[in-house]
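Heads up, the thing below is written out as structure tokens.
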Amino acid sequence: MKVYLETMGCQMNVLDSELVRSLLRESGMEMTDDARSAEVLLYNTCSVRDHAENKVHSRLGWACQRKAGGKRLVIGVLGCMAQRLGIELVRRHVGVDIVCGPGQLGRVAEMVLEATAGHGPQIALDSSTALRVAMRSSKGDATRNKAESDDNVEFLDLHRDPLRHHLPGQAYVRIMRGCDKFCTYCIVPYVRGPERSRPPEEILEEVRRLAGAGVTQVTLLGQTVNSYRFADDGQTVGLADLLELLESVSGLKRIRFITSYPGDFDRAILQAMCDLPKVCKYLHIPAQSGSDRVLRAMGRRYSRGEYDDLIDAARQTVPGIGIAGDFIVGFPSETEEDFAASADLIRRSRYKNSYIFKYSSRPGTTAAKRLTDDVPNQVKRYRNRELLAEQEAVSLAGNREMTGQTVEVLVEGLSPRAEKQSRKGGTVKPNAVRLGRGSSEHGQVFDLTVPPPHKQLVGRTRTDHIVVFDGSENLAGQYANVKIIDATALTLFGKL
Ligand code: SAH
Ligand code: SF4
Ligand code: F3S
């Protein structure tokens, strides 16, 4: 059975898809990148903004139409939107066979088999998450559902194939699930359930297995990753302790973590970033707004002053740190003055990059229930453009300062441009020889007098700066020292 799995949304979904792929392969299914030739179409979805959901509806429209036209197809919706809409998806798109929430992904293989056998729509949702939605709507915002989740997704992480990851030599590792912050605009706590930290020994074991399989960079994932806390036998392990534990894993070269929440940020984490050589000097720490009034309305539990202090502390404790941010523009009632405070925060924080989003009202969230989405779309668009322009100027200045430096990059592979060219079959010279690492042992003959063809590669520094340079494709997954010779706002250009 050929399965096509497309991923939308955040890194958590990228990891989930990777784990689901391992599971499906183990069950004897074959993965394909070509939706047209697949017999099973799966979409791992995101609900964070309206736009993300619309994209899924249009994919499902296409898939269901093909099925209605007589093609034998199993169609599945996985992830956050599956959790949010549940059975409604089957009603809206006739032809959908599988609806599986993020806490139930360990059951996807079994659900595909059942659906193929014609056993009706398969629905698996996280009941703790559904309960939490009900409790919040009946008892108001202060209610938290700490009930044990019945999800079986732990199974996925524990059974991952250490040889498969999203980029050569790199892997995502989930250290916690869910979120308890309930920012008023955000759907994530409703679809991903309560915050739960994984036991440190389990994480250590997973990272050891990955390192043993050749992974040198791990990115620890959590919605509020700095809230990681695991208590056992009267001892509490926080993120700083976990970093120290992982520092000892042999073979590992880089440890990163995303995404940080600015409230309750333990300064010991900054110290760990400074002291532990494997921990990357990179912080993704979204502010969402620079205005205290908007931060309060968003339910973010920090003030502008506290945020500024944290950024100052980060720059002081971790010299050379790369900091990235997120902003929402057009939050209900956002004035020009509030907006100007966000622009000011971009300049003050000197982010290396920011992700900027137009506010999108999410059904069921506190903001959707209590606030009017009153900033007109063209104002949101304008503020989005303006903030991007502010960020671009800050990024360009920061990147220009890096020219002349030699930096270590972990090579991801071909740059998007080179990737496109190579898909068209354009660049490889006819006399080019592939130099496989150590492949002479396997009887391959290659001519060392012909250098491998150089292509445009992309890699990242320890501060998460993107560097493009020419080199051999088989550097993917390796480390290279690159001298920065030019810079734009988005990219550094270098020479090996
Ligand atoms: N846990 C992370 C964010 C996860 S969602 C954190 O707290 O920083 C990723 C980003 O999407 C958020 O940082 C926010 O900027 C944006 N986002 C979330 N909900 C949104 C909404 N309703 N409208 C527009 N952007 C939103
Ligand atoms: Fe959403 Fe806020 Fe949780 Fe981030 S911290 S996932 S923005 S509720
Ligand atoms: Fe989207 Fe779910 Fe991630 S809503 S941002 S895929 S946690």
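Just follow the structure's listing: the first ligand is 1, and inside any ligand the first atom is 1. Just the heavy atoms: all of them, side chains too, but no hydrogens, waters or symmetry mates, feed the values below.
Within ligand 2, counting atoms from 1 as listed, the ones closer than 4.0 Å to a heavy atom of Phe182 are 8 (S). Atoms of ligand 2 found under 4.0 Å from any heavy atom of Val188 (numbered from 1 in listed order, with element): 6 (S). Interface of Val48 with ligand 1, defined as ligand atoms under 4.0 Å from a residue heavy atom, comprises 5 (S), 18 (C), 19 (N), 20 (C), 21 (C), 22 (N). Below 4.0 Å from some heavy atom of Cys10 lie the following atoms of ligand 3, by number and element: 3 (Fe), 5 (S), 6 (S), 7 (S). Of all the atoms in ligand 2, the ones that sit under 4.0 Å from a non-hydrogen atom of Pro189 are 8 (S). The contact set between ligand 2 and Gln223, taken as ligand atoms under 4.0 Å from a residue heavy atom, comprises 6 (S). Below 4.0 Å from some heavy atom of Thr224 lie the following atoms of ligand 2, by number and element: 5 (S). Distances below 4.0 Å separate heavy atoms of Cys80 from the following atoms of ligand 3: 2 (Fe), 4 (S), 6 (S), 7 (S). When each atom of ligand 2 is checked for a heavy atom of Lys181 under 4.0 Å away, the hits are 3 (Fe), 5 (S).
Residue Tyr359 has no nitrogen or oxygen atom sitting less than 3.5 Å from a nitrogen or oxygen atom of ligand 1, judged on distance alone. Of the N or O atoms in Ser260, none lie within a sub-3.5 Å distance of an N or O in ligand 1.
Ion pair Glu386/Arg383 not flagged as a salt bridge, since none of the NZ, NE, NH1 or NH2 atoms sits closer than 4.0 Å to an Asp/Glu carboxylate oxygen. Here Asp264 does not pair with Arg229 in a salt bridge; the nearest charged N to carboxylate O distance is not below 4.0 Å. A salt bridge between Asp292 and Arg296 is absent, with no side-chain N of the basic residue lying under 4.0 Å from a carboxylate O of the acidic one. Note on Glu114 versus Arg107: no salt bridge recorded, every NZ/NE/NH1/NH2 to OD/OE distance being 4.0 Å or above.
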Query raised in the report: Going through the checks in order, is the side chain to side chain contact (heavy atoms under 4.5 Å, CB included) test met by Met31 and Arg25?
Result: CA-CA 7 Å; Met31 302 305 301; Arg25 282 195 198 98; 3.9 Å; yes

Report task. Walk me through it: do Thr45 and Arg84 pass the test side-chain hydrogen bond (donor to acceptor under 3.5 Å, both in side chains)? Result -> CA-CA 10 Å; Thr45 61; Arg84 190 177 92 72; over 6 Å; no

Report task. Starting from the C-alpha separation in whole Å, work towards a yes-or-no answer on side-chain hydrogen bond (donor to acceptor under 3.5 Å, both in side chains) for Ser291 and Asp338. Result -> CA-CA 5 Å; Ser291 150; Asp338 295 322; 2.8 Å; yes

Query - Audit row: Arg192, Asp16, salt bridge (charged side-chain N to carboxylate O under 4.0 Å, His left out) steps and yes/no - result: CA-CA 12 Å; Arg192 286 275 171 173; Asp16 280 340; 3.0 Å; yes

Requested in this report: Dump the intermediate steps for side chain to side chain contact (heavy atoms under 4.5 Å, CB included) on His166 and Thr7, then the final yes or no.
Outcome: CA-CA 12 Å; His166 66 290; Thr7 311; over 6 Å; no

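Distances from ligand 2 to the non-hydrogen atoms of Arg192 include no value under 4.0 Å. For the ligand labelled ligand 1, residue Ile328 lies inside the 4.0 Å heavy-atom shell. For Ser47, the heavy-atom gap to ligand 3 drops under 4.0 angstrom. Residue Arg192 places a heavy atom less than 4.0 Å from ligand 3. At least one heavy atom of Gln223 sits closer than 4.0 Å to an atom of ligand 3.
The shortest contact between atom 10 (C) of ligand 1 and any protein heavy atom is with Asp326 OD2, 3.5 Å. Looking from atom 3 (Fe) of ligand 2 to the surrounding protein, the closest heavy atom is Cys179 SG, 2.3 Å. With hydrogens left out, the protein atom closest to atom 7 (S) of ligand 2 is Tyr185 OH, 3.3 Å, a heavy atom. For atom 24 (C) of ligand 1, the closest heavy atom belonging to the protein is Lys358 O, 3.3 Å. In terms of protein heavy atoms, atom 22 (N) of ligand 1 is closest to Ser360 O, 2.8 Å. Of the protein's non-hydrogen atoms, Asn13 ND2, 3.3 Å is the one closest to atom 6 (S) of ligand 3. Nearest to atom 1 (Fe) of ligand 2 among the protein's heavy atoms is Cys186 SG, 2.3 Å. Of the protein's non-hydrogen atoms, Arg300 NH1, 4.2 Å is the one closest to atom 4 (Fe) of ligand 2. Protein heavy atom nearest atom 1 (N) of ligand 1, with residue, atom name and distance: Gln223 O, 2.7 Å. Of the protein's non-hydrogen atoms, the one nearest atom 19 (N) of ligand 1 is Tyr185 CD1, 3.3 Å. In terms of protein heavy-atom proximity, atom 17 (N) of ligand 1 is nearest to Arg49 NH1, 3.5 Å.
At distances below 3.5 Å, not a single donor-acceptor pair connects side-chain atoms of Arg174 with backbone N or O atoms of Tyr172. Under the 3.5 Å distance criterion, the side-chain polar atoms of Arg177 are left unmatched by any main-chain donor or acceptor of Arg198. Under the 3.5 Å distance criterion, the side-chain polar atoms of Lys358 are left unmatched by any main-chain donor or acceptor of Lys380.
Distances from atom 8 (O) of ligand 1 to the heavy atoms of Pro286, Cys186, Ser47 show the closest one on Pro286. Across Lys380, Gln288, Arg362, heavy-atom proximity to atom 14 (C) of ligand 1 is greatest for Gln288. In this comparison of Arg300, Lys181, Met298, Met12, the heavy atom closest to atom 7 (O) of ligand 1 sits on Arg300.
Residues Phe230 and Ser197 share a closest heavy-atom pair of CD1-O, 3.5 Å. Heavy atoms only, all atoms of each residue included: Ser227 and Lys181 are closest at OG-NZ, 3.4 Å.
Residue-level proximity to ligand 3 for Cys46 is carried by backbone and side chain together, each with a heavy atom below 4.0 angstrom.
Only one option out of Val74, Leu42, Ile98 pairs with Met111 in a side chain to side chain contact (heavy atoms under 4.5 Å, CB included); it is Ile98.
Below 30°, between 30° and 60°, or above 60°: for Phe182 and Tyr190 the angle between ring planes is above 60°, a perpendicular geometry. The aromatic rings of Tyr185 and Phe331 sit perpendicular, their planes meeting at an angle over 60°, well past the 30° parallel limit.
Other residues, nucleotides and ligands contribute only 12 or fewer heavy atoms inside 6.0 Å of the CG atom of Asp33.
Taking 2.8 Å as the criterion, Cys183 does not count as a coordinating residue of atom 1 (Fe) of ligand 2, since none of its N, O or S atoms falls below it.
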